[in-house]
Number of protein chains: 2
Amino acid sequence: MKKAHGKLIFGTFLKDRGLRFTKERSVILQKTLSCSGHFDPESLYLQIREAGLKASRASVYRTLSILCECGLIERVKKTERGTIYENMFGHEHHDHMLCIQCGNLIEFYSEELERLQEALCKKQGFQGTGHNLEIRGYCRKCRKKKR
Amino acid sequence: MKKAHGKLIFGTFLKDRGLRFTKERSVILQKTLSCSGHFDPESLYLQIREAGLKASRASVYRTLSILCECGLIERVKKTERGTIYENMFGHEHHDHMLCIQCGNLIEFYSEELERLQEALCKKQGFQGTGHNLEIRGYCRKCRKKKR
DNA sequence: ATAAATGCAAATCGTTTGCAACGGA
DNA sequence: TCCGTTGCAAACGATTTGCATTTAT
């Protein structure tokens, strides 16, 4: 999936269902695609305002929903600060260990895990587009402190 | 970790920091421990009321926080309907594939995945207590519909 | 007795929605 | 022109919090 095609994909998706490609949607699409990796609605909105562009929070939320529907972005997870989205052009990994004591987040990548997931998907006839593994527990430091 | 010890663990935890073991906390602890697996604050609250017991929503929320701190339960994930908690006596698996088209949730279990996670934790000096793998994508049905 | 906990209602915060004005097609 | 879209502000739903009252210790 090439970045330059985002606009085309979105445009086609909209036309197909009689929706309109407005200035606001264009701005939001653009900012969304230029995010490398994760983002949330509020910071996207602020980014738009800082850039002197125009789009209300309501339009940001509404447009993000459509972008999800057409597969250009995905809702990755919910946090206390809101929903985290992911631009599907960024091929990031979301595997991490979260310390439930100190909140420390240890990100990691495992080729073996990737392979395993592919195998699991194939078994279910599932076409994976992204994933997110969270292992909760105690990090090295907090393990020591515990006793 | 044996269920009968929940009260002891909680009681000790409270005493240690000068907090009190109130009727409400006792009720909430009890209902929490008797949940097999997942639950959310609202349904726990309703369960309490249906049982003719007494504890306000505020107390439920406040107590769940403490139970998290002392490790008897864990916040597993946030959804549109609220936070999902897990009673740590239930050793459930949280691995699933989520269809981003139809919302279908396919739960699965993989021994290989469990082993791999243990290995990854060991490498990081991390003591895992629970995990949650979400693979997003298109389920068999929606894959067909797509074209 | 004293500090902590409770219940309630009001406050927050992210997100959604109703509606009148606006603007692509 | 004809709907779809926008921005705003009000509505929402989950969670938190201020406060006067109750209660464990």
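Just the heavy atoms: all of them, side chains too, but no hydrogens, waters or symmetry mates, feed the values below. Each chain gets a letter, A, B and so on, in the order its sequence line appears, and its residues count up from 1.
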### Query
Rounded to whole angstroms, how far apart are CZ on R57(A) and C1' on dT5(D)?
19 Å

#### Entry: Residue pair E107(B) / H96(B), side-chain donor-acceptor N/O under 3.5 Å
no

### Task
Select base, sugar-phosphate, or nothing to describe what R25(B) touches, counting heavy atoms under 4.0 Å on all strands.
sugar-phosphate

### Task
Any chance you could measure H5(A), atom NE2, to L33(A), atom CG, to the nearest 0.5 Å?
12.0 Å

### Message
Out of the candidates L64(B), I84(B), T83(B), only one should pair with F39(B) under the side-chain contact (heavy atoms from CB on, under 4.5 Å) rule; please name it.
### Response
L64(B)

### Query
Please give, in whole Å, the distance from dA24(D) P to E24(B) CD?
8 Å

### Task
Let me know the distance between CD1 of I84(B) and P of dA14(D), rounded to the nearest Å.
11 Å

### Query
Would F126(B) and Y138(A) count as a close aromatic pair, with their ring centres under 6.0 Å?
no

### Query
Is the centre of the Y45(B) ring less than 6.0 Å from the centre of the Y61(B) ring?
no

### Query
Over how many whole Å does the gap from E42(B) atom CD to dC12(D) atom P extend?
17 Å

#### Entry: Nearest-angstrom distance from the residue atom NZ of K15(A) to P of dT5(D)
14 Å

### Message
So if I apply the salt bridge (charged side-chain N to carboxylate O under 4.0 Å, His left out) rule between E24(A) and each of R62(A), K54(A), K31(A), which one comes out positive?
### Response
K54(A)

### Task
Pick base, sugar-phosphate or nothing for R62(A), based on heavy-atom distances below 4.0 Å to the nucleic acid.
base

### Query
Where each residue is assigned the nucleotide of DNA chain D containing its nearest heavy atom, which of I28(A) and R75(B) is assigned the position nearer the 5′ end?
I28(A)

### Task
Using a cut-off of strictly less than 4.0 Å, decide whether Y61(B) has a side-chain nitrogen or oxygen near OP1 or OP2 of dT15(D).
yes

### Message
Please give me every residue in residues 45-55 of chain A whose heavy atoms get under 4.0 Å of an atom in DNA chain D, ordered by residue number.
### Response
K54(A), A55(A)

### Euclidean distance, atom CD of residue E80(A) to atom C1' of dG13(D) [Å, nearest integer]
17 Å

### Query
Over how many whole Å does the gap from L64(A) atom CG to dT6(D) atom C1' extend?
15 Å

### Query
Between E134(B) and K77(B), is the closest basic N to carboxylate O distance under 4.0 Å?
yes

### Electrostatic pair R75(B):E86(B) at N-O distance under 4.0 angstrom
no

### Note: R57(A)-E42(A) ion pair, threshold 4.0 Å (strictly below)
yes

### Summary
Expected string for nucleotides 20-25 of chain C under the B/S/- scheme (protein heavy atoms, under 4.0 Å, primed atoms plus P, OP1, OP2 as sugar-phosphate) is ---BB-

### Task
Check the distance between dC13(C)'s P and R81(A)'s CZ and give it to me in whole angstrom.
12 Å

### Query
Among dT6(C), dG7(D), dT16(C), which is the nearest nucleotide to the side chain of S59(A)?
dG7(D)

